[in-house]
Amino acid sequence: MSGTVTPSKPEINWQPDVVSQVPVSDKAGVGEFVQETLALTKRLFIQLQRRPSTLIAGVIQPLMWLILFGALFQNAPKGLFGESLSYAQFLSAGVIVFTAFAGALNAGLPVMFDREFGFLNRLLVAPLASRFSIVAASAIYIVALSFIQAVVIVAASAVMGAGVPNIAGLGAIALIVFLLVIGMTALSLGLAFVLPGHIELIAVIFVTNLPLLFASTALAPLSFMPKWLQLVASLNPLSYAIEPIRYLYLHGDWSLGSVVMEAPWASITFGGAVLVLFGFATAALVIISPLLRRRFA
């Protein structure tokens, strides 16, 4: 008697095999952040290499300020500008700071153009380790340009008879320029994220550039100003960068406790001025933090 043998149905496992996955950390690594920052910084320097007129103009302009303003006030009575022996010596600090300030204030323009052309939006949706790499790259770029300009200004001032601070003084100048550039670059990038277009950003730059210059101690000492302007200049971050650098030109035996500015409400020491600049840079970075999470249509 023959029978049909039905093979037993194989057991089919409808559940997919569990594949072990490599855990992905949500926290950005330092290596990835550095790599992104270097790549974005390299892009900015490539743009500068293709258009070197930006650097050339940034070097020529402060030299013109030194030569023209130095010649304008060369016959000023001695003692009119404080302890300075010449107006060139008095002006050097203001030119260094204002040049760095102007460069940092323009830092938002490349980001604004990237935003208008759509590159920034692609960058913001990319898996960046940290969006602060955008800020870091812009800051490194502006700091490098500011240091080049500062070296040229210090050399030109020395030729004009202003002298040169000692090695420690030059290091202090670098620190002051660095803190100012960080703060102003952060604010400029914040404006690039907030304002609707580059026309509005350029308008803000034009409106704030010269008023902040004249409302500081770049061109005249605090004692030379009317009372209301003294108050405004004492609130201006530029004054807290200019006065320590000016003190370095006049005193070789400076210290953090040296009084560099007599504000209407207190005497500002060298260390106090640096601390104000540090607080200014920190506050600017904190302010723009929420703006880095934005997307643009």
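We number each residue from 1, following the sequence as shown.
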Worksheet item: Any chance the side chains of S133 and T37 put a donor and an acceptor closer than 3.5 Å?
Response: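 Per modelled atom types, S133 and T37 side chains form no pair under 3.5 Å.
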
Worksheet item: Does a donor on one side chain and an acceptor on the other come within less than 3.5 Å for E243 and T217?
Response: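 Side-chain D/A pair, E243 to T217: present.
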
Ignoring hydrogens and angles, tell me if any N or O in the side chain of [X] forms a donor-acceptor pair with the backbone of [Y] under 3.5 Å.
X	Y	answer
T185	I182	no
S258	S255	yes
N209	A102	no
S188	L105	yes
S239	A233	yes
E200	L195	no

[X] vs [Y] side-chain heavy atoms within contact, under 4.5 Å:
X	Y	result
L222	E262	no
L48	R51	no
L275	F280	no
L285	S289	no

Measure the spacing between [atom1] of [X] and [atom2] of [Y] and express it to the nearest 0.5 Å.
X	Y	atom1	atom2	result
M112	I199	CE	CD1	10.0 Å
Q61	I56	CD	CD1	14.0 Å
I67	L91	CD1	CG	11.5 Å
F178	F278	CZ	CZ	10.0 Å
I134	L189	CD1	CG	8.5 Å

Fill in: Validation row, ring centre F45 to ring centre Y141 under 6.0 Å
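Yes, close enough.
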
Hydrophobic cluster membership, [X] vs [Y], 4.5 Å side-chain cutoff:
X	Y	result
F206	L212	yes
V151	I173	no
L213	L231	yes
F214	I96	yes

What heavy-atom pair brings [X] and [Y] nearest, and what distance separates the two atoms?
X	Y	result
A104	M184	CB-CB, 3.5 Å
Y240	S234	OH-O, 2.6 Å
A220	F90	C-CZ, 3.5 Å
G257	T269	O-CG2, 3.7 Å
L40	A137	CB-CB, 3.5 Å
A273	P244	CB-CG, 3.5 Å

Is the number of heavy atoms from other residues, nucleotides or ligands within 6.0 Å of [atom1] ([X]) greater than 12?
X	atom1	result
W228	CH2	no
Q47	CD	yes
I167	CD1	no

Worksheet item: Under the criterion side-chain contact (heavy atoms from CB on, under 4.5 Å), which of V177, T99, V154 is the partner of Q149?
Response: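 When V177, T99, V154 are each tested with Q149, the side-chain contact (heavy atoms from CB on, under 4.5 Å) holds only for T99.
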
Worksheet entry | Single hit among I176, T282, L175 for side-chain contact (heavy atoms from CB on, under 4.5 Å) with L277 |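 Per the side-chain contact (heavy atoms from CB on, under 4.5 Å) rule, the option paired with L277 is I176, out of I176, T282, L175.
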
Item to complete: Report the C-alpha separation of F193 and I288 in whole Å, then their side-chain angles, then the decisive distance to 0.1 Å, and conclude whether the side-chain contact (heavy atoms from CB on, under 4.5 Å) test is met.
Response: CA-CA 9 Å; F193 276 81; I288 70 164; over 6 Å; no

Worksheet item: Checking side-chain contact (heavy atoms from CB on, under 4.5 Å) for the pair L248/L170: CA distance, chi angles, key distance, verdict?
Response: CA-CA 8 Å; L248 294 173; L170 293 175; over 6 Å; no

Item to complete: List the steps, then state whether side-chain contact (heavy atoms from CB on, under 4.5 Å) holds for V260 with R246.
Response: CA-CA 8 Å; V260 297; R246 185 169 289 149; over 6 Å; no

Worksheet item: F101 vs F98 aromatic rings, parallel, tilted or perpendicular, using cut-offs 30° and 60°?
Response: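 Tilted, since the angle between the ring planes falls between 30° and 60°.
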
